[in-house]
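Residue numbers count from 1 along this sequence. Side chains included, hydrogens not; waters and symmetry mates left out as well; all remaining heavy atoms used.
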Amino acid sequence: MPVEPPEHRPSARSTWARKATKGSAVTALAALSAVGSLGVAHAQSPAPPANEAASQHAHAPGEITVAPGDSVWSLATKHGVTVTDLMKANKIPAHAMVRPGDRLTVPGRPQEHTQDEPAGTATPQPPSAHHTVAPGDTVWDLADHHGVSVAELQRANDLDASSLLRPGRTLTIPGSQAASRAADAAHSPAAASAPEPAPKTKAPEAPKAAPEPAVDNTFAGRTYPRHVVDSANKHHAELQKRDLPSQEAMQSLVRETAESMGVEPTLALAHAAQESGFQQGVVSPADAVGTMQVIPSAGEWASQLVGRDLDLLDARDNVTAGVAIIKELQDKTPSKEMGIAAYYQGLHGVKTYGLFSDTKDYVRAVSAQEKRFD
């Protein structure tokens, strides 16, 4: 991720950030993912952040096989877990890439059946409940409230990471704790014979706890300042109001933009694949936004490079910012590897301190990604 422009310190609140918070007229996309890391454009910041409460209700772990085009980001988002949890469960170092055919453990994913249970034996499932989406509802909040995992809720309603919950839609809540309690009460011996209790005066409801933030404050061992994480959550909330292009559409846009700006398409595609898995809806704890994971200060720098204001929440502007930064860094460094490193660690940081160990991992990962697009 482009961390910060060379020779510049990021402003406390960028022009773009002010526009995005107010709802700029050029805004246009949305998503339910969040992710994080550290860099110039903030080209890598994992985390579709599933909240901790949802993870506590998950079932026994299961396994998945990595398919072509999968990344840690896209798999974590798809299965409703945090990038951090997925990396811990599989001992994946920061910015290491997964390869097709790899077997990964997904924490909280139920297995199909056990060896002791004959295949095809139906396991009794708890009853389902239904919920009508209200303004402000998110998949994360509903999964937490009903005691189910995000992945279960998504599967039961054919949702994915880019799906937008619209008020008035009825969702199926699979095997929710509330439904289970109601079913147990209805089938208990006392339920058939006991007289109906006299109506009671409804006690005042306890204040509803504030929902967990979509973007957490840590990733890969780093903890980010409160004001940065707050800004990331505001940008994530703004994205949730928009319709997002598909990953395939974003991949085509990256290639098209790189060709038009004189950047090797394979290099731009490799950065985007490593940063976000071509997902425009992700925001990291470092406030890195979108497919190219660009932080606001780097977005301002990119605006200067292209000669116009760029809105990082807009898919085309986000890609333009990332590609412009890639071009500038490749022009100012002696090798492709150093340019890749500067996208993650920052040009000033690379020149001053050399490559950190996680930066070297990032360079290897992007270089490996590039071979996929040859």
Side-chain angles (χ1 to χ4, degrees), residues 1-24 26-27 29-52 73 82-84 94 136 138 140-141 209-242 275-276 280-304 309-314 317-318 321-322 325 343-349 356 358:
M1 70 177 171
V3 181
E4 85 182 55
E7 314 299 335
H8 291 77
R9 297 189 61 82
S11 61
R13 184 174 175 80
S14 69
T15 302
W16 172 81
R18 289 194 296 270
K19 288 181 180 178
T21 302
K22 292 179 180 178
S24 164
V26 283
T27 56
L29 304 173
L32 297 173
S33 320
V35 292
S37 147
L38 172 75
V40 174
H42 184 115
Q44 158 97 3
S45 53
N51 61 38
E52 294 296 326
W73 309 86
T82 65
V83 171
T84 301
T138 69
W140 315 104
D141 294 339
E212 291 288 332
V215 183
D216 201 357
N217 67 343
T218 59
F219 171 71
R222 294 188 178 92
T223 300
Y224 295 88
R226 174 69 178 273
H227 71 279
V228 173
V229 179
D230 286 348
S231 179
N233 275 290
K234 288 179 181 178
H235 295 151
H236 179 262
E238 178 65 27
L239 280 171
Q240 285 186 304
K241 302 174 184 176
R242 305 175 175 212
E275 290 299 329
S276 68
Q280 174 60 16
V282 295
V283 182
S284 80
D287 202 11
V289 177
T291 300
M292 305 305 293
Q293 289 291 277
V294 183
I295 61 175
S297 59
E300 291 187 340
W301 178 38
S303 295
Q304 295 171 10
D309 288 340
L310 296 173
D311 172 15
L312 298 180
L313 298 178
D314 176 82
D317 278 4
N318 187 279
I325 292 170
Y343 193 90
Y344 173 70
Q345 187 179 319
L347 184 59
H348 174 74
F356 300 140
D358 56 335

Item to complete: Please report the shortest heavy-atom distance between Val294 and Leu312, naming the atom on each side.
Response: O-CD1, 3.4 Å
Worksheet entry | Atom pair NZ/CG of Lys234 and Asp287 - distance to nearest 0.5 Å | 10.5 Å
Worksheet item: Quick one: does Gln280's side chain have a donor or acceptor within less than 3.5 Å of a partner on Gly290's backbone?
Response: no
Practice prompt. List in chain and number order the residues that pass side-chain contact (heavy atoms from CB on, under 4.5 Å) with Asn233, two or more places apart in sequence or in another chain; answer none if no residue qualifies.
Written response: Pro213, Ala214, Val215, Val229
Fill in: For the student: nearest non-hydrogen atoms of Ala286 and Tyr224, plus distance
CB-CE2, 3.4 Å
Worksheet item: Judged by atom type as modelled, is there a donor-acceptor pair below 3.5 Å linking the side chain of Asn217 to the main-chain atoms of Arg226?
Response: no
Worksheet entry | Donor-acceptor contact present, side-chain Glu238 to main-chain Leu313, <3.5 Å | no
Worksheet item: Between Asn318 and Val289, is there a donor-acceptor pair closer than 3.5 Å when you use the side chain of the first and the backbone of the second?
Response: yes
Worksheet item: Ignoring hydrogens and geometry, is there a side-chain-to-backbone donor-acceptor pair from Ser231 to His227 under 3.5 Å?
Response: no
Worksheet item: Pro285 and Thr218: which non-hydrogen atoms are nearest, and at how many Å?
Response: CG-O, 3.9 Å
Worksheet item: So how far is it from Asp358 CG to Gln345 CD, rounded to the nearest 0.5 Å?
Response: 7.5 Å
